[in-house]
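Scroll down for the structure; my scribbles are underneath it.
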Amino acid sequence: MKTGHVSNPVVLYWHRTDLRLHDSPALHAALALKPLVFIPVWTWDPHYVYKARVGPNRWKFLLECQSQLSDAYENLNSKQKLWVKDTDAYAQDRDTAVIAMAEKAGVQVIIRMGRTLFDPDELIQKNNGKPTMSITQVEKAAVKINNGNPDKPIDPPSSIPDPWDEERMDLSSLEHDSIDNQPDLNAEHRTQKDEQYSNIMGPKNDFAVPWDDIGIDLSQAATPHRGGEAEALRVLGECIKNEEYIAQFEKPQTSPAAFEPQSTTLLSPHLHFGSLSVRKFWWDVHAVMENQRKAKKPVASVPTNLSGQLLFRDMYFCAQASLGHRFARTHGNEIVRFIDWHLQSSPPDKNGSVDGSYEVDSQEAEEWFQRWKEGRTGFPWIDALMRQLRQEGWIHHLGRHSVACFLTRGGCYVSWERGAEVFEELLIDHETACNIGNWQWLSCTAFYAMFYRCYSPISFGKKWDPEGNLIRRYCPELAKFDKKHIYEPWKAPIADQKKWGCRVTGDGTSSSRSGDTDNTYPKPMFNFDERRRICLDAMKHAFSFSLHGDDAKVKDGSWKKEFRASESSRPTKRQKT
DNA sequence: GACGCGTTGGTCCC
DNA sequence: GGGACCAACGCGTC
């Protein structure tokens, strides 16, 4: 197409982490340039397109648009480009490449940060160039930025020019070819289903959200959670109305077993997809806390309160921004403690690339991992949570703690890297920084070290849900078990198992059932008390080496010899039960 | 170097 | 339901 008559076209590259009209610094800056042509382009990432196609109904705002960037610069003749900054490791690579491409084409790149409370790179700088490893460090660094206050959210624009508005633009004089000509940025991804963004879809819907191509049929949705800016603002508004809930919110006091309604705000997916601004969330909460404080009512403090939860998110983003790709793996990662987990990721090759494979050093651990992943460990609390995760894409934070501890240091002794991969695929609120960071936390490889605090798959659930309602919901085969046996169904007498219509047998695979009509629930895959002792002992042993992911002994594999030599000399605590 | 504390443990006992 | 104890890491502060 030719753009000879267009004096100031602006291309706004808008990706999934900034998909809102309110508090969108990049959109705001784009409009301030007063473009004659305003071209929002949904960028796409193979990573997220992959997620969109494999999950149990992915989130509404997974957008895909083919943006052939170098061609676009040449053809659109744009001299100004806006970019929404993203510090995820793969996004750092992408942004570096795109910015270089733009500069080569003589295009001015304007970058705005909109994803976190504070710019992760600025947090690193204020934290003496280091990744933030504790909430105290985040708070101190934030005070140096703006006395601890993030930027105020920006109001949504009152109007947005239509992209390629033919009437307003008089495109007849533009002598442009049809926008369908090459490079066609959106050809395969056009639909009119998204009403929320109808004002920026363009008169011919050339810039619409590509629902059909994403492969999402909302009528078939397994998850009860819904996306979109309107929904995000509605939910936030509802939460904010309950001032006591907001002001007294303490994460450790919210139940991981609650569903319909859940005990937390459910706003995390909106933060991930950019349909809610984290700064609006923070300032709205802040206002409520101030009100309550003035009214002399109790107000929870950082880090357990809501603001604290958002600060943890910034902590992980900062740590990730600092380490790049190293953050998400053990090898070469200086912040993670090295532990001799089963099923560790294969080390990078000579070029530093990883192929995503892992070493199956133990068939037993591999089977435990598969059973955990599929929700058939034989521990109903764990299985209910894993099935809720698979069906709905969301579980409560403490539920995540429970299943993560069970897979790693408190049960299977499987590498946190395996668990993080499963969460990445299944969570609708997955953010690499938070997911990886929390797995490191729970497995006691970074951020946290008190490995002797171990979650029991029986006691912890019982504390929150003595009736076992979460289990009855997500493991319906156990629905008729009495509360005495619901967390340990294998202890129920056979007569009762028959009476309650479910036998505890096999490993949860269909082949393990004796007949098609049998209703069964698997036997526990190991003795938990025994495994807890073995894991605790192994953690103590691993900690005694003080190895980290970037240690030479980790790189060359010589840790194995040392661990084994020391292993043979230490007393075993294995105990028969 | 000592000491207290750390977003969210479990168990036992009162 | 509340407190002591379990077994005991790393960080921040004094």
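In what follows, chains are A, B, ... by sequence order, proteins preceding strands, each numbered from 1.
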| Any chance the side chains of A/H485 and A/D482 put a donor and an acceptor closer than 3.5 Å? | yes
| message | According to ring pair (Phe, Tyr, Trp, His ring centres under 6.0 Å), who are the partners of A/W282, at least two apart in sequence or on a separate chain? | response | A/H286
| message | Going by ring pair (Phe, Tyr, Trp, His ring centres under 6.0 Å), name the residues that satisfy it together with A/W441, two or more places apart in sequence or in a different chain. | response | A/F312, A/Y448
For atom [atom1] of [X] and atom [atom2] of [N], their distance in whole Å:
X: A/L442; N: B/dT7; atom1: CG; atom2: P; value: 14 Å
X: A/N127; N: C/dG12; atom1: CG; atom2: C1'; value: 13 Å
X: A/N305; N: B/dG6; atom1: CG; atom2: P; value: 14 Å
X: A/W441; N: C/dC9; atom1: CH2; atom2: P; value: 18 Å
X: A/H396; N: B/dT7; atom1: NE2; atom2: P; value: 17 Å
X: A/R337; N: C/dC9; atom1: CZ; atom2: P; value: 9 Å
X: A/M315; N: B/dT7; atom1: CE; atom2: P; value: 8 Å
X: A/H401; N: B/dT8; atom1: NE2; atom2: C1'; value: 7 Å

Taking the same atom, [atom1], in [N] and in [M], what whole-Å distance lies between them?
N: B/dG4; M: C/dC5; atom1: P; value: 15 Å
N: C/dA8; M: B/dG6; atom1: C1'; value: 14 Å
N: C/dA7; M: B/dC13; atom1: P; value: 15 Å
N: B/dG10; M: C/dG10; atom1: C1'; value: 22 Å
N: B/dC5; M: C/dA4; atom1: P; value: 14 Å

| note | Given protein heavy atoms under 4.0 Å, the one-letter contact record of nucleotides 9-14 of chain B, with B base, S sugar-phosphate only and - none, is simply BSS---
Partner set under salt bridge (charged side-chain N to carboxylate O under 4.0 Å, His left out) for [X], not counting sequence neighbours:
X: A/D314; value: none
X: A/K140; value: none
X: A/K483; value: A/E467

Check side-chain hydrogen bond (donor to acceptor under 3.5 Å, both in side chains) between [X] and all other residues, then give those that pass, not counting sequence neighbours.
X: A/E562; answer: A/K553
X: A/R400; answer: A/D429
X: A/R337; answer: none

| request: Using heavy atoms and a sub-4.0 Å distance, could you list which residues of residues 135-144 of chain A are near DNA chain C? By number, please. | output: A/Q137, A/K140
Classify [X] by what it touches in the nucleic acid, base, sugar-phosphate, or nothing, heavy-atom distance under 4.0 Å.
X: A/F451; answer: sugar-phosphate
X: A/W464; answer: nothing
X: A/Q309; answer: base

| A/S546 or A/L536: which one's nearest nucleotide on DNA chain C is closer to the 5' end? | A/L536
| said: Using the rule side chain to side chain donor-acceptor pair (under 3.5 Å), only one of A/R387, A/R390, A/E392 pairs with A/Y474; which is it? | reply: A/E392
Out of [options], whichever nucleotide has its closest atom nearest the side chain of [X]:
X: A/F543; options: B/dG6, C/dG10, C/dA8; result: C/dG10
X: A/S134; options: C/dG10, C/dG12, B/dT8; result: C/dG12
X: A/T304; options: C/dG10, B/dT7, C/dA7; result: B/dT7

| task | List the steps, then state whether side-chain hydrogen bond (donor to acceptor under 3.5 Å, both in side chains) holds for A/S345 with A/R418. | result | CA-CA 8 Å; A/S345 293; A/R418 302 287 74 70; 2.9 Å; yes
| task | Would you write the dot-bracket representation of DNA chain C, where each base gets (, ), [, ], | or . depending on whether it forms a Watson-Crick or G-U pair under 3.5 Å and with which partner? | result | ||||||..||||||
Just the atom pairs and distances: protein N or O near nucleotides 3-5 of chain C's N or O, under 3.5 Å.
none

| Check: A/F545 ring centre within less than 6.0 Å of A/F563 ring centre | yes
| said: Any side-chain to backbone donor/acceptor pair from A/N438 onto A/C434? Under 3.5 Å, distance only. | reply: yes
| query | Would you say A/N435's side chain and A/A420's backbone share a donor-acceptor pair under 3.5 angstrom? | reply | yes
| So with a 6.0 Å cut-off around NZ of A/K144, is the heavy-atom count from everything else above 12? | yes
